[in-house]
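For the numbers below, each heavy atom of this structure counts, side chains included, while hydrogens, waters and symmetry mates do not. Order of the sequence lines fixes the chain letters, A, B, ..., with proteins taken first and strands second; residue numbering starts at 1 for each chain.
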There are 2 protein chains.
Amino acid sequence: MASHRDERPAGQQQAEEPAEGLPPDERLGMDIKRAEQALIAAKQLAVRPAGLTVPQYAALFALADNPGISGAALARTCLVTPQAMTVVLKNLEERGLVERSPHPWHRNVLETRLTEAGHAALATADARAVRIERALADEFTPEERAQLRKLLERCGAAIGRAAAGL
Amino acid sequence: MASHRDERPAGQQQAEEPAEGLPPDERLGMDIKRAEQALIAAKQLAVRPAGLTVPQYAALFALADNPGISGAALARTCLVTPQAMTVVLKNLEERGLVERSPHPWHRNVLETRLTEAGHAALATADARAVRIERALADEFTPEERAQLRKLLERCGAAIGRAAAGL
DNA sequence: GGCACATTATCAAAATCTTGATGACTATCA
DNA sequence: TGATAGTCATCAAGATTTTGATAATGTGCC
């Protein structure tokens, strides 16, 4: 498509385009974004038949590893705002997939844990979602996997550093 | 923050993985997601002072490379639904950053292109966003960059293959 | 020439996420 | 004991995205 490039007469150039200043060859953001987009799209296809959205699946997954975690802590784990997690948990509770009960000691905290149905739903969704992860894992050798993980970790560190000093 | 994690040192952590046989050590999805989350958060911080959201920035960026593209095609480029792109373009048009005019041949298509103000806004936002990309690029050697890109590409391919045969 | 097909844009409704602000509770320290 | 700081949950309003469905237009095939 688009054989038309952004032809701009070099005469009146009130703002040079930094997009051209940084060659696409060095733009890694696009690659990361593309991979994550493919991942989230595939996961959505995977968990939808189980009646779950991706955020709901993520919450159930984290909840299975940390039973009794608070809503705010769960939100941090899933990288969403506490309010968004509240809505997710409300929906999950209405459908009987999670259970919330006041904490014995901290009356202000609501302990959240999976119900039997929640475990079942997670298992159903995960059975399909795992095929995505499995395909991902099988694509690489253990060395490549470790390599990729390390590179991504450095990405996150570099991004965080840049964002802090923005 | 969060010096108090949800520690429960008492015995049974019950950290059984619901993933049935896929150790977290092999779950690359989390790593990709974390990197992309950091990236999108940083970019949001970067483009916000320019009065743009990340989707708006993405649309302007793609528009700068493909002037006169249709809304639906732009949506595909930015990996969002056509409806979402319609809203984004409406907001951008109301603020005078883009211009839409009927296509000479296809009267059903609305040609969209950036205005002067649009180019300026993109330049302003990109000036800050580039610092994120720059930090990312400077974090790696050219070999590492090529390596990471290749690994991510294989990720996308593997995910797409798995999603197709879901 | 006429008809089915694909693409485009749009309307409408529901769900989700974000920002901002409030009230309640516990832990730490003077 | 009393006060300050930090965490948790929630309300409210706004913006964004998604799903589903409809009308108009150009293209290819019969």
What is the separation between atom [atom1] on [X] and atom [atom2] on [N], rounded to the nearest whole Å?
X      : N      : atom1 : atom2 : result
A/K90  : D/dA12 : NZ    : P     : 11 Å
B/E93  : C/dA9  : CD    : C1'   : 13 Å
A/L52  : C/dT16 : CG    : P     : 12 Å
A/I40  : C/dT16 : CD1   : P     : 14 Å
B/Q44  : C/dT19 : CD    : C1'   : 11 Å
B/H103 : D/dG26 : NE2   : C1'   : 12 Å
B/L74  : D/dT17 : CG    : P     : 12 Å
B/L89  : C/dA9  : CG    : C1'   : 11 Å

Are the side chain of A/R95 and the backbone N or O of A/G51 linked by a donor-acceptor pair below 3.5 Å?
yes
Main-chain N/O of B/L97 paired with B/T115 side-chain donor or acceptor, under 3.5 Å:
yes
Identify which nucleotide among [options] has an atom closest to any side-chain atom of [X], counting heavy atoms from C-beta outward.
X      : options                : answer
B/V109 : C/dA9, D/dT19, D/dT10  : C/dA9
B/T86  : D/dT16, C/dT10, D/dA9  : C/dT10
A/S70  : C/dG20, D/dC8, D/dT19  : D/dC8
B/Q83  : C/dA21, C/dT16, D/dT18 : D/dT18
B/V88  : D/dT10, D/dT17, C/dA12 : D/dT17
A/T53  : C/dT18, D/dA9, C/dT16  : C/dT16

Inspect the contact between A/E133 and A/K43 and indicate whether a charged nitrogen and a carboxylate oxygen are less than 4.0 angstrom apart.
yes
Does the distance from a Lys or Arg side-chain N to an Asp or Glu carboxylate O, for A/R154 and B/E139, drop under 4.0 Å?
yes
If you pin B/L79 and A/A72 to their nearest nucleotides in DNA chain D, which one's is more 5'?
A/A72
Determine: side-chain N/O of [X] to OP1/OP2 of [N], distance under 4.0 Å, yes or no.
X     : N      : value
B/T81 : D/dT17 : no
A/R48 : D/dT19 : yes
B/R76 : C/dT8  : yes

Is the CD atom of B/E99 crowded by more than 12 outside heavy atoms at less than 6.0 Å?
no
Mark yes when over 12 heavy atoms from residues, nucleotides or ligands other than A/E144 sit less than 6.0 Å from its CD; otherwise mark no.
yes
What does B/A84 touch in the nucleic acid at a heavy-atom separation under 4.0 angstrom: a base, only the sugar-phosphate, or nothing?
base
B/P82 near the nucleic acid: base, sugar-phosphate alone, or nothing, with a heavy-atom cut-off under 4.0 Å?
nothing
Per nearest nucleotide of DNA chain C, the residue lying toward the 5' end, A/P55 or B/E111, is B/E111
